[in-house]
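Have a look at the structure below, then the notes.
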Amino acid sequence: MKENGHIESNEILEKYDREHNYRIEIGKWAWVVTFFGVALTLFHLYTGYYGTLPSQQQGAIHLGTALGIIFLLFPAKMGWQKKQKSVPWYDGVLAFTAMYVTYHKIIFFDSILQSRISGYGPLDVIVSILGILLLLEATRRTVGLPIVIVASIAILYTIFGNIIPTQILSHPGFSVDRIATDLWFKEIGVFGTPIQISAKFIFLFLFFGVILVHTKIGKFFNDLAFALTGRFTGGTAKAAVAASALQGMVSGSSVGNTVASGSFTIPMMKKAGFKPEFAAATEASASTGGQVMPPLMGAAAFIMMEYLGVSYSAIMLAAIVPATLYFTGIFIGTHFEAKKLRILGVPVSELPSFHKLMMKNGYMLLPLFVIIGTIMVGFTPQRAALMGIVAAFLVSLARKDTRMNLKQLIHVLEQGARVALPIIAAVGTAGIIAGVVSITGLGTKFAAGIIALSGGYLIFALIFTMIACIILGMGLPTTANYVVTATVAAPVLINEFGVAPIAAHMFVFYFGIIADITPPVCLAAYAGAGIARANPFKTGVTAVKLAIAAFIIPYIFIYNPILVLVDVTAVNLVISGMTAVLGMTAVSSSVIGYLIRNSYSWERILLFAAGIMLIIPNLISSSAGLLIMLAIWYIQRQRKDDTGKLNIEASM
């Protein structure tokens with residue numbers, strides 16, 4: 001049974017998560033992949049401790065080695081990974097060509113710097129064109145076609161912008177030589193901020209997650225979630241939310257989290273009485289929230305740190321309240337659905353003991369505390385990641401089944417490189433898009449377009465930005481989506497409408513993330529539906545209902561950024577947090593259609609309005625929302641139930 005479940009999970013990952021479409025059998029090439037994978041991980045550990053190389057050289061080794069591994073692992077077409085028993089000769093050629101054109105920046109580092117003044121030679125032009133083309137192909141194989149299309153259109157726009165018959169978009173076209181060399185050799189393109197942050201911080205945090213997975217922390221999180229919440233109403237669903245929130249601390253993959261946790265939680269939710277679509281949606285929406293869950297969050301959070309020029313601890317602190325509200329909304333939604341369906345909790349006798357669990361496995365949390373502590377006391381994210389890795393390695397020694405011999409250590413080092421491949425390719429390609437914005441001045445033109453469409457009203461600018469983020473998120477990975485929207489859209493909100501920088505960047509970050517559960521392209525929801533044998537579209541719609549907080553909260557912290565800790569006092573934060581939780585209760589009740597009994601349509605409308613009023617950090621608004629919510633509660637409490645008796649159930 002367990003083996004069949006594992007096979008099913010792999011099939012779902014291959015279907016909905018492009019990064020799992022790698023060759024299983026590659027013959028003697030496996031030694032080459034292992035060598036480069038281990039070498040890449042050791043390189044990042046070494047430079048993380050002793051200091052990174054100049055950004056262009058660090059980025060070249062980071063990207064070049066990753067591109068080589070990608071061509072050796074990922075076939076040109078989905079489905080071929082099961083048919084091919086070795087690496088085709090042409091992929092071997094592409095792998096080493098990609099490595100050479102990237103390492104070219106290191107081999108001829110001084111002459112390339114000089115060429116920025118004197119001009120690039122023919123070889124430099126050829127190398128840069130090949131490098132960009134190979135990067136796009138590697139990204140297509142690991143991430144998918146949409147981001148490659150966006151980047152390709154951006155390049156074509158840079159070349160042919162002078163013939164576009166629109167004043168807003170047109171610009172003088174640039175030569176292919178200039179575009180290729182600018183995007184490949186300068187910091188404004190492929191080797192810009194995103195790839196530099198990936199080479200310094202993101203890789204190490206991903207490797208930290210790999211070691212934690214080896215310690216079997218995922219099972220501990222699941223057991224811990226059931227010990228904490230399993231006995232309450234709808235306990236299986238609440239445990240799924242709690243487990244996904246905990247998993248989100250160490251992983252930023254919506255689809256990966258959905259499959260990893262969902263393989264265990266979704267069948268249990270269905271068995272308890274939840275509909276398949278609801279079970280799948282609960283897991284998908286909770287797993288998607290992992291990318292906004294401190295301390296690790298998604299890879300984009302590290303790029304946000306660099307864009308805003310603030311410490312990572314500031315990003316973590318700003319994310320705490322919104323992330324809490326996000327998961328609170330989903331948690332409360334599962335509660336109301338369980339009350340509606342009369343689904344009870346899991347018998348205490350069938351649940352793990354929290355006390356025994358913490359006594360036996362509580363030490364597994366040590367690496368997370370090390371990460372949080374070192375960041376909060378002022379260490380760089382790079383040093384915090386290294387200390388977390390050391391702590392995770394020590395934790396792995398505590399038990400015989402997680403203690404690593406040499407072979408297992410080599411495997412973990414290789415996996416550290418493998419999990420980073422899609423992100424490295426994605427941020428490299430996102431750098432192309434950001435470079436085009438810089439070269440052509442597209443950001444200024446985009447700002448003019450947004451202002452023209454919105455008529456100068458912030459609310460309309462936010463709606464247009466939200467739509468753009470969700471549409472981009474349907475084809476771009478979260479990190480790439482954030483790079484694009486942070487380059488183009490966030491500056492508009494900051495410079496033209498006076499939005500607080502952290503609020504503007506969190507706004508585009510959130511809406512890029514929730515594309516994973518927003519129909520029609522909602523990959524996390526589809527993955528959950530695959531496990532639950534549910535209707536994918538209905539699952540996506542249900543996931544949007546459960547994650548409704550993610551659609552509301554960003555607007556609130558734009559207009560009043562207390563929720564992201566801008567101009568906040570302790571009293572204001574406590575009051576705003578309490579009213580926001582009450583607001584999420586009302587909103588969740590509205591979308592589920594149940595408070596203390598089934599709600600009429602007019603009650604749902606009033607509850608939704610009351611929830612919005614409560615979430616807004618304003619005394620008058622929150623007071624009015626609370627009164628409306630209490631009125632609906634009182635009306636439902638007095639209403640007769642189906643047996644003709646008064647409904648006196650008052651528990652929330």
Side-chain angles (χ1 to χ4, degrees), residues 52 55-56 58-59 62 147 154 183 186-205 252 291-292 294-319 322 375 380-382 385 423-424 426-439 441-444 446-447 450 461-462 465-466 468-469 472-473 476-513 554 557-558 561 564-566:
T52 56
S55 59
Q56 289 289 296
Q58 181 85 9
H62 180 71
I147 184 175
L183 291 177
K186 294 184 178 180
E187 287 81 1
I188 60 173
V190 172
F191 294 93
T193 298
I195 204 73
Q196 291 175 24
I197 299 303
S198 177
K200 290 179 182 177
F201 308 133
I202 296 175
F203 189 100
L204 290 174
F205 276 92
Q291 294 182 77
V292 297
L296 302 190
M297 304 172 64
F302 297 97
I303 300 175
M304 187 188 302
M305 171 192 74
E306 193 73 13
Y307 279 175
L308 290 173
V310 299
S311 66
Y312 188 67
S313 59
I315 301 293
M316 282 199 323
L317 291 172
I375 288 177
T380 65
Q382 196 172 37
I423 290 180
I424 296 172
V427 297
T429 300
I432 292 176
I433 302 169
V436 167
V437 172
S438 176
I439 293 171
L442 184 60
T444 303
F446 182 86
I450 287 290
L462 292 174
T465 302
M466 175 191 73
C469 291
L472 284 171
L476 275 63
T478 301
T479 307
N481 185 359
Y482 170 72
V483 171
V484 176
T485 52
T487 303
V488 179
V492 182
L493 302 178
I494 297 168
N495 299 326
E496 304 298 334
F497 294 96
V499 173
I502 185 77
H505 281 260
M506 281 287 184
F507 185 89
V508 299
F509 184 37
Y510 259 75
F511 283 113
I513 287 170
F557 61 57
I558 286 288
V564 287
L565 307 187
V566 174

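The analysis underlying the following values was restricted to heavy atoms, covering all of them including side chains, and did not include hydrogens, waters or symmetry mates. Small disclaimer: the values here were computed from a predicted structure and weren't measured.
Inter-residue side-chain proximity for P322 and M506 is flagged as unmet; no heavy-atom pair is nearer than 4.5 Å. Contact annotation: the side chain of T487 approaches that of Y307 to within less than 4.5 Å [non-hydrogen atoms, C-beta and beyond]. Counting heavy atoms from C-beta on, the side chains of I439 and I188 come closer than 4.5 Å. Contact check for I494 versus H505: side-chain heavy atoms found under the 4.5 Å cut-off. Counting heavy atoms from C-beta on, the side chains of E496 and I450 never come closer than 4.5 Å.
To the nearest 0.5 Å, the span separating CZ on F302 from CD1 on I197 amounts to 9.5 Å. Annotation: the span from F497 atom CZ to L462 atom CG amounts to 8.0 Å, rounded to 0.5 Å. To the nearest 0.5 Å, atom CZ of residue F511 and atom CG of residue L472 are 14.0 Å apart. A distance of 10.5 Å separates OG1 of T485 from CD1 of I433, quoted to the nearest 0.5 Å. Atom CD of E306 is separated from atom CZ of F201 by 6.5 Å, given to the nearest 0.5 angstrom. If you take CE on M466 and OH on Y510, they are separated by 15.5 Å, rounding to the nearest 0.5 Å.
Checked by atom type and distance alone, the side chain of Q196 pairs as donor or acceptor with a backbone atom of F191 at under 3.5 Å.
Summarising the geometry of I147 relative to A426, their closest heavy-atom pair is CD1-O, 3.9 Å, with the distance given to 0.1 Å. Minimum interatomic distance between C469 and N481 (heavy atoms only, all atoms of both residues): O-ND2, 3.0 Å. I315 approaches M304 most closely through the heavy-atom pair CD1-SD, 3.7 Å. Between S313 and S311, the shortest heavy-atom distance links the atoms OG-OG, 2.8 Å. Between A199 and Q58, the shortest heavy-atom contact is O-NE2, 3.5 Å. Contact record, I558 with A503: CD1-O, 3.7 Å, taken as the closest heavy-atom pair.
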Taking it one step at a time, do T465 and V492 satisfy side-chain contact (heavy atoms from CB on, under 4.5 Å)? CA-CA 10 Å; T465 302; V492 182; over 6 Å; no

CA sep, side-chain torsions, deciding dist, call: I303, V483, side-chain contact (heavy atoms from CB on, under 4.5 Å): CA-CA 8 Å; I303 300 175; V483 171; 3.9 Å; yes

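Taking the six-membered ring where tryptophan is involved, the planes of Y482 and F509 are perpendicular, since the angle between them exceeds 60° and thus also 30°. Between Y312 and F205, the ring planes lie tilted relative to each other; the angle falls in the 30° to 60° range.
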